[in-house]
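These notes are about the structure you will find just below.
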Amino acid sequence: MKTIFEKNNNSGICLTDEIEDLSFLNSAFLRKEACNIPQVGELEVLRHYKELSDRNFCIEKGFYPLGSCTMKYNPKVNELLASLEGHTNLHPLMSDEDSQGALQLMYNLQEALKKITGMDAITLQPAAGAHGELTGMMIVKKYFEVKGDKRTKVIIPDSAHGTNPASAHMCGFEIVSVKSNAKGQVDIDALKEVLDKDVAAIMMTNPNTLGIFEENVLEISKLMHDNGSLLYYDGANYNAIMGYTNPKLMGFDVVHLNLHKTFATPHGGGGPGAGPVGVVEELREFLPAPVIDFDGEMYYRNYNIKHSIGSVKSFYGNFGVLVKAYAYILMMGTNLKNATEDAVLNANYLKEKLKKYYDLPYDEPCMHEFVLSGERQKHDYGISTLNIAKRLMDENTHPPTVYFPLIVHEAIMIEPTESETKARLDEFADVMIKIAKECERDTEKVLSAPHNTPVKRVDETLAARHPDLKYTEQ
Ligand SMILES: *Cc1c(COP(=O)(O)O)cnc(C)c1O
């Protein structure tokens, strides 16, 4: 496909050619020579970008079971609400008096998220999940600083999302890994071995990245609290537990949510997102300022937070994302629980359908996702998980997350989400089974996939190490 520059055919309009007298413009700002932008007529521009967009994969096009990412359908009405003029034309520096509507919306969202997580206070500022983790760990750090308790380590299970150790490390903590047991859960004895008075916190995902619920979470939270340590809950995939339980009941002190996974903001193109953080009462005084408060008459930005870690984002967070999440929560009401039920049911249904054809290293009931292994295909036919993922692209299906979590060899991590029908799940299962059979009978077809995509095999290492993003005329 040609670039828009190569399609330049001088069919556009050059404004300066059309306007005879340019004297109304300050001559200091006029270009001396024409800038090199492609001149292409409107219809050709439309065709160009339509063709490009058709090459993209999106949820509106097909099944998108990218594990840990919750690529579900997000109702379009939320976009409409976020784009209302009253929202988009608000200036962040307007006074509290003049932005009561927006402040009320943020306040109500904080209240809703308090109910959903069980936490006592919320900040809406962080712009993503990992940003929420960073904020949470900064709060943990400050909490111990103010207490005069020097704690240097953070424990992270080996099944954790990669952002967890990265966030804790960025706050200056030393990472201590703790291994999983045969059931894919935190090994309590291994945890006890590394638990000492230097440990500030444990960062956990529950269900963990294997999609398995940590049965011993109450024992873990007791162990941590008895040691004077805190518990951080990675709530990025909240459609696994929403409405059934919450981190407070499990004994956690800090939690982040991904509004752009669970609460109806489409994502995958790099944002914007939102990763609100909830904390228990003892940590309220450490939240980023401002939080949105209500004095009985007025909603206002409260900067008066005693030990605030400061601001973590310009102004108050990604407001448009907050509008979408609030709209989604109001629309769903108590049906948020049904979203969880459907997400968990869909994942277990697919797991049971596929476990005959692919290895399932942890054969346990799962929550919102499950992790297969391509080990058998690799061993018997020399076909790696990457090949299977590429072959799926031929079938109008986005590949699942692969090679993550690290504790499963040749991992294939599948998250169907709550928004898919049984018919779609069956279709996907059929494709996965067909590919498993191809591995045996038509090995070459899988090894040389994808066959139908605009771009075939790319050198992923080269693309990551030496990205060449600039167009140069040939
Ligand atoms: C997606 C995800 C994150 C990171 O969220 P971002 O918004 O991409 O920063 C963290 N933890 C888990 C478990 C996730 O699935």
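Along the sequence shown, the residues carry numbers beginning at 1. These numbers come from a predicted model, not from an experiment. Each ligand, and each atom within it, is numbered from 1 in the order the structure gives.
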Taking the six-membered ring for Trp, are Tyr64 and His398 parallel (under 30°), tilted (30 to 60°) or perpendicular (over 60°)? parallel
If you scan protein heavy atoms around atom 6 (P) of ligand 1, the nearest is Gly129 N, 3.4 Å
For atom 5 (O) of ligand 1, the protein heavy atom that lies nearest, with its residue and separation: Asn258 ND2, 3.1 Å
For ligand 1, which atoms sit closer than 4.0 Å to a heavy atom of Asn237? 13 (C), 15 (O)
Distance under 4.0 Å to a non-hydrogen atom of Ala130: what atoms of ligand 1 satisfy this? 4 (C), 5 (O), 6 (P), 9 (O)
Can you tell me the protein heavy atom closest to atom 13 (C) of ligand 1 and the distance? Asp234 OD2, 3.4 Å
N/O donor-acceptor pair under 3.5 Å between Glu415 side chain and Ser68 backbone: yes
Using a strict threshold of under 4.0 Å (side-chain N to carboxylate O), is an ion pair present between Lys261 and Glu369? no
So, Phe404 versus His161, ring centres under 6.0 angstrom or not? yes
If I apply the N/O under 3.5 Å rule, does Ser68 come out as touching ligand 1? yes
Only heavy atoms count here, so choose which of His256, His260, His161, His131 is nearest to atom 3 (C) of ligand 1. His161
For Lys353, check side-chain hydrogen bond (donor to acceptor under 3.5 Å, both in side chains) against everything at least two apart and list the hits. Asp426
So for Thr209 against ligand 1, with non-hydrogen atoms under 4.0 Å, the contacting part is neither
Distance flag for atom 8 (O) of ligand 1, protein heavy atom under 4.0 Å: no
Side chains of Lys72 and Glu420 in contact at under 4.5 Å (non-hydrogen atoms): no
Heavy-atom distances under 4.0 Å decide this one: backbone, side chain, both or neither, for Lys261 against ligand 1? side chain
Testing Leu124, Ile122, Val291 for side chain to side chain contact (heavy atoms under 4.5 Å, CB included) with Met106, which one passes? Leu124
With a heavy-atom distance limit of 4.0 Å, tell me whether Ala128 approaches ligand 1 through its side chain, its backbone, both, or neither. both
Are Lys337 and Tyr244 in a cation-pi contact, defined as NZ or CZ under 6.0 Å from the six-membered ring centre and within 45° of the axis? yes
Just which atoms of ligand 1 are under 4.0 Å from any heavy atom in Glu133? 10 (C), 11 (N)
